[in-house]
Number of protein chains: 2
Amino acid sequence: MNIGEASTLSGVSAKMIRYYESIGLIEPPARTASQYRVYADDDVHTLRFVRRSRDLGFSLEETRELLALWHDKSRASADVKKLAMAHVRDLEAKAAELSAMADTLRHLATHCHGDHRPDCPILSDFAAGAPTQRKA
Amino acid sequence: MNIGEASTLSGVSAKMIRYYESIGLIEPPARTASQYRVYADDDVHTLRFVRRSRDLGFSLEETRELLALWHDKSRASADVKKLAMAHVRDLEAKAAELSAMADTLRHLATHCHGDHRPDCPILSDFAAGAPTQRKA
DNA sequence: CTTGACCTTCCCATGATGGGAAGCCCCATA
DNA sequence: TATGGGGCTTCCCATCATGGGAAGGTCAAG
């Protein structure tokens, strides 16, 4: 099948499929005489794997490791679980960070009248703040 | 004061100060005869405002709007609150999305033995999945 | 006057993705 | 068979916010 069909079946854009190939995340497929890429069902399988990994927030580098683990029949499940749980902690930390920002802002907004008057504690706070601690 | 001091006082890197100037987010400061940028206390104030905005997850474009609102003495506080609350919803949506990813992955990991054996439902799931619904 | 810290501009890199141009290829239909 | 349209190819550029670093000028203290 051509790249278009592989894209449709896997849910990965043709653009990204070529990109993944260029960075060595996936194997270069066979080509027709006119240089068209030719994919097999197995390739679609791999592309779906990548997509699922991306959808769960793994970076392409992490996805590369997961693919390696997937192909390595002899690795222990502990290796996979370790990577997954580290990522879970990352995701939760990021989620908490965003929630904290939302809470802070929501709190500031509570004290803003939100009417025709110009006074607004939100901007006053912005203006007043000393340099805050930066996120890691 | 020079850019270094303004950077220290505001918590915005010199690199970013120059960048903010280049995209018109902040006003170009005066220059010495030798082209050194010269900042006043007010400029540090503005830089802190920008930093606070960024720390609360506003994009530079949103920050630009906030700065405009800040300088506009006649705008209603409702305008500010509206922008802030829209951003709160954005932040909360992103946080929820990350949490959902974490939950999914944590659930998968629950079923992974995490020992020396190679079987791992995490990767099996990755490999099996049909194209899932993409995030908006 | 030298030295070292600071400043200037300019270019490049990141991560993941999309947009689009220029040019070939393939198939169906007129 | 010719033509048109859609798919494929590569290549370059843009995004968003930030950092790194080179090459060179400046300033202040010793």
Side-chain angles (χ1 to χ4, degrees), chain A residues 1-26 28-39 43 47 49-67 87 90-91 94 97-98 101 131 134-136, chain B residues 1-26 28-39 43 47 49-67 87 90-91 94 97-98 101 131 134-136:
Chain A
M1 79 187 80
N2 284 344
I3 200 171
E5 194 178 350
S7 170
T8 305
L9 291 179
S10 65
V12 177
S13 75
K15 209 91 183 185
M16 279 304 104
I17 295 176
R18 294 194 196 96
Y19 175 63
Y20 293 162
E21 180 188 330
S22 82
I23 63 170
L25 184 70
I26 60 177
R31 300 275 189 140
T32 66
S34 52
Q35 292 303 98
Y36 279 29
R37 288 173 179 79
V38 181
Y39 295 93
D43 298 322
L47 286 170
F49 183 103
V50 172
R51 186 181 196 291
R52 179 89 172 123
S53 170
R54 297 287 303 122
D55 282 351
L56 286 173
F58 287 94
S59 71
L60 287 183
E61 279 317 303
E62 287 166 330
T63 301
R64 196 192 293 275
E65 290 183 58
L66 289 171
L67 275 172
H87 184 55
D90 269 15
L91 289 171
K94 277 178 199 155
E97 202 181 318
L98 292 176
M101 293 186 213
R134 272 238 103 149
K135 69 176 181 196
Chain B
M1 77 189 83
N2 284 342
I3 200 170
E5 195 179 348
S7 168
T8 305
L9 293 179
S10 65
V12 178
S13 76
K15 208 94 185 179
M16 277 305 101
I17 295 176
R18 294 193 197 97
Y19 174 64
Y20 292 161
E21 180 189 331
S22 81
I23 62 170
L25 185 70
I26 61 178
R31 301 276 190 140
T32 66
S34 54
Q35 292 303 100
Y36 279 29
R37 288 173 179 79
V38 182
Y39 296 92
D43 298 324
L47 287 170
F49 183 103
V50 172
R51 187 184 195 288
R52 180 90 171 117
S53 170
R54 298 285 306 122
D55 282 352
L56 286 174
F58 287 93
S59 71
L60 287 184
E61 278 318 301
E62 288 166 331
T63 300
R64 194 191 295 273
E65 290 182 56
L66 290 171
L67 275 171
H87 185 55
D90 268 15
L91 290 170
K94 277 179 198 154
E97 201 180 319
L98 292 176
M101 293 186 212
R134 270 239 106 150
K135 72 178 175 191

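For the numbers below, each heavy atom of this structure counts, side chains included, while hydrogens, waters and symmetry mates do not. So that the names make sense, note that chain A is the first sequence line, chain B the second, and so on, each numbered from 1. It should be emphasised that the depicted structure is a prediction, and the values quoted were computed from it without experimental measurement.
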Gap separating the [atom1] atom of [X] from the [atom2] atom of [Y], nearest 0.5 angstrom:
X	Y	atom1	atom2	result
A:L25	A:I17	CG	CD1	11.5 Å
B:L60	B:L66	CG	CG	11.5 Å
B:D43	B:M1	CG	CE	7.5 Å
B:I26	B:M16	CD1	CE	11.0 Å

Restricting to side-chain hydrogen bond (donor to acceptor under 3.5 Å, both in side chains), what partner residues turn up for [X], sequence neighbours left out?
X	value
A:S22	none
A:T63	A:S53
B:Q35	none
B:E21	B:R37

[X] side-chain N/O to [N] phosphate OP1/OP2 under 4.0 Å:
X	N	result
B:S34	D:dC27	yes
B:S13	D:dT18	no
A:Y20	C:dT17	yes

In this structure, how many angstroms lie between the [atom2] atom of [N] and the [atom1] atom of [X], rounded?
X	N	atom1	atom2	value
B:I17	D:dG19	CD1	C1'	14 Å
A:K94	C:dG15	NZ	C1'	12 Å
A:E21	C:dA16	CD	C1'	17 Å
B:R31	D:dG25	CZ	P	17 Å
A:K15	D:dA14	NZ	C1'	11 Å
A:M16	C:dG15	CE	P	14 Å

Applying side chain to side chain contact (heavy atoms under 4.5 Å, CB included) to B:D90 and not counting sequence neighbours gives B:H87
Among pairs that include at least one residue of residues 11-20 of chain A, which meet side chain to side chain donor-acceptor pair (under 3.5 Å), considering only residues two or more places apart or in two chains?
->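 Matches after skipping sequence neighbours: none remain.
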Below 4.0 angstrom, N of the basic side chain to O of the carboxylate: do B:R64 and B:E61 qualify?
yes
ask   = Counting only non-hydrogen atoms, which of residues 56-64 of chain A are less than 4.0 Å from DNA chain D?
value =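 Heavy-atom cutoff 4.0 Å gives no residues at all.
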What pairs of nitrogen or oxygen atoms, one from the protein and one from nucleotides 3-7 of chain C, lie under 3.5 Å apart?
| from | atom 1 | to | atom 2 | distance (Å) |
| --- | --- | --- | --- | --- |
| C:dC6 | O2 | B:Y36 | OH | 3.4 |
| C:dC7 | OP1 | B:G4 | N | 2.6 |

Double-helix bend of the helix from C:dC1-D:dG30 to C:dA30-D:dT1, axes at both ends from 5 pairs, round to 10°, gives 30°
